[in-house]
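This report concerns only the one structure given below.
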Amino acid sequence: MPHILTSRFLFGPGPSNCYPESMAALAYPVLGHLDPVFIERLDHTCEGLRTVWGTSNARTLPLSATGSGGMEAAFVNTVSDGDVAVIAVNGLFGARMCEVARRCGATVVRVDHEWGQPVDADRVLSAHPNPKVIAAVHAETSVGVISEIAALGAGKGDALLITDAVTSIGGLELLADDWGIDVGYAGTQKCLGVPPGLSPFTVSDRAFERRVKDPRSWYLDIGLLGGYVGAASGARTYHHTAPVTMIAGLEAALDRILAEGLDVVQARHRAAGAALQNGLQEMGLELFAAEGSRLPSLTTVKVPDGVNSAAVRAYLLENFSMEIGSGVGEFADTVWRIGMMGPNANSASVTLVLGALKEAIAKA
């Protein structure tokens, strides 16, 4: 029989620990996906998502998929054979965008950056004279870097702007309408403090009008999904059996975040990230991401010379029931990724992580 854990301190790149309100809502009675009570819950959830996205888009909804499903939905609904997709790459998830767009038939113009550096909007905007889409990651989880999306939106011209906000939604400033985001996708398992399984998704009217009318994916067809949430006329059209329990958990977390105040939650994430980064540097450790562009929700720190990265993480797991993440790609053994997201974004978490990490480095 597998070992049953009572708890973990989830300070990796995600999932994070969840808000208690979200976990409690997972025990609500299961409803039919067309039950009027569930439809009311779904509508309330969509309204909360509009707030955290910073948008008035009618087609803002929780996709029945993880963030990677949201990424696929973004591209399968906007590009088809031969369409040009300019994609900024400054980490793993920008690179993954390129692969997803390629599989959707797009001609990908990849704009590479040094990992650890923010996206250079001027380079991206000048990469092609007339792309169908421009895409970038707002908060690149693999390297702990935040990039300015508003500059891409201001200069996008006729292109549609696709944005990955998986590690920013619910914890960092996100203004989809003001920044010119046409299609945005995210995940529930980070700053929103909800278990993984849903992808908060938003589509502007402009993008919807220019969507691929018969996309390769029936399941992720935003035209059909928009009908299910009543975005077109208010009438509901059946599409799929929604994960009613997961949506209840998301609704509860959104209510909890908005009750605290979105600006207060964002300030809490900024303060926790800054305290962690300052504390790591006071320990003599070197941060990986470029100064001035460091994510508060996800910090990348270089593994000290002579220290075994995997041994430290194993020590934390065994002795503190604490998870931190390794780096990715060529940085898998030389970088740690430490998240301060959702309910974990607080000073007590910072103190716990710093103390545990100091002991693990000394003893692992």
Side-chain angles (χ1 to χ4, degrees), residues 7-28 40-57 60-62 67 138-139 141 146 165-179 181 184-202 245-279 294-299 338-353:
S7 66
R8 287 281 198 214
F9 294 112
L10 298 177
F11 294 117
S16 68
N17 293 108
C18 298
Y19 286 114
E21 294 87 346
S22 177
M23 296 304 295
L26 297 180
Y28 288 175
E40 182 180 358
R41 174 169 293 156
L42 176 62
D43 288 348
H44 185 59
T45 301
C46 292
E47 192 57 42
L49 288 177
R50 289 185 188 95
T51 301
V52 294
W53 267 113
T55 187
S56 60
N57 292 337
T60 302
L61 67 153
H138 180 218
T141 316
I146 190 165
V166 170
T167 309
S168 54
I169 194 169
L172 309 182
E173 183 180 59
L174 185 59
L175 302 171
D177 288 352
D178 290 351
W179 295 352
I181 295 172
Y185 62 88
T188 50
Q189 72 273 20
K190 303 200 181 190
C191 298
L192 286 173
V194 179
L198 296 174
S199 178
F201 196 83
T202 190
T245 302
M246 281 298 304
I247 289 171
L250 175 58
E251 177 195 36
L254 289 167
D255 285 348
R256 182 251 177 270
I257 289 168
L258 297 180
E260 182 179 353
L262 188 55
D263 55 342
V264 176
V265 173
Q266 292 169 356
R268 176 162 57 79
H269 280 76
R270 289 194 302 270
L276 175 66
Q277 290 163 16
N278 289 337
R294 291 168 182 156
L295 263 178
S297 51
L298 194 285
T299 295
I338 305 175
M340 288 287 150
M341 296 182 280
N344 291 345
N346 60 64
S347 59
S349 294
V350 173
T351 300
L352 176 61
V353 168

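Just so you know, these numbers use all the heavy atoms, side chains as well, and skip hydrogens, waters and symmetry mates.
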Taking the side chain from N17 and the backbone from F9, do they hold a donor-acceptor pair closer than 3.5 Å? no
Gap separating the CG atom of L276 from the OG atom of S347, nearest 0.5 angstrom: 12.0 Å
Search all heavy atoms of P13 against all heavy atoms of L298 and return the closest pair with its distance. CA-CD2, 3.6 Å
Please report the shortest heavy-atom distance between M246 and P196, naming the atom on each side. CE-O, 3.8 Å
Between the CG atom in L262 and the CG atom in L172, the distance rounded to the nearest 0.5 Å is 10.0 Å
Separation between CZ of F11 and OG1 of T299, rounded to the nearest 0.5 Å: 12.0 Å
Would you find a donor on one side and an acceptor on the other, under 3.5 Å apart, between the side chain of D177 and the backbone of S56? yes
Heavy-atom nearest pair, I169 first then A186, reads CG2-CB, 3.5 Å
For A345, is there any backbone N or O sitting under 3.5 Å from a side-chain donor or acceptor partner on R268? yes
If I take atom CG from residue L192 and atom CD1 from residue I257, how far apart are they, to the nearest 0.5 angstrom? 5.0 Å
Would the distance check show the side chain of T245 and the main-chain N or O of L26 forming a donor-acceptor pair, the cut-off being under 3.5 Å? no
Can you name the closest pair of heavy atoms from C191 and S297 and give their distance? SG-CB, 3.7 Å
Looking only at heavy atoms, what is the nearest atom pair of P200 and W53, with distance? O-CZ2, 3.5 Å
Backbone of G249 reached by a side-chain donor or acceptor of S22 within 3.5 Å: yes
Out of curiosity, K190 NZ to L10 CG, how far, rounded to the nearest 0.5 Å? 12.0 Å
How close do M340 and H269 get, heavy atom to heavy atom, and via which atoms? O-CD2, 3.5 Å
CD (E40) with more than 12 external heavy atoms under 6.0 Å: no
Looking only at the side chains, is there a donor atom on one of T141 and T167 sitting less than 3.5 Å from an acceptor on the other? yes
T60 and its side-chain hydrogen bond (donor to acceptor under 3.5 Å, both in side chains) partner, picked from T45, T202, T55: T202
Between N344 and G339, is there a donor-acceptor pair closer than 3.5 Å when you use the side chain of the first and the backbone of the second? no
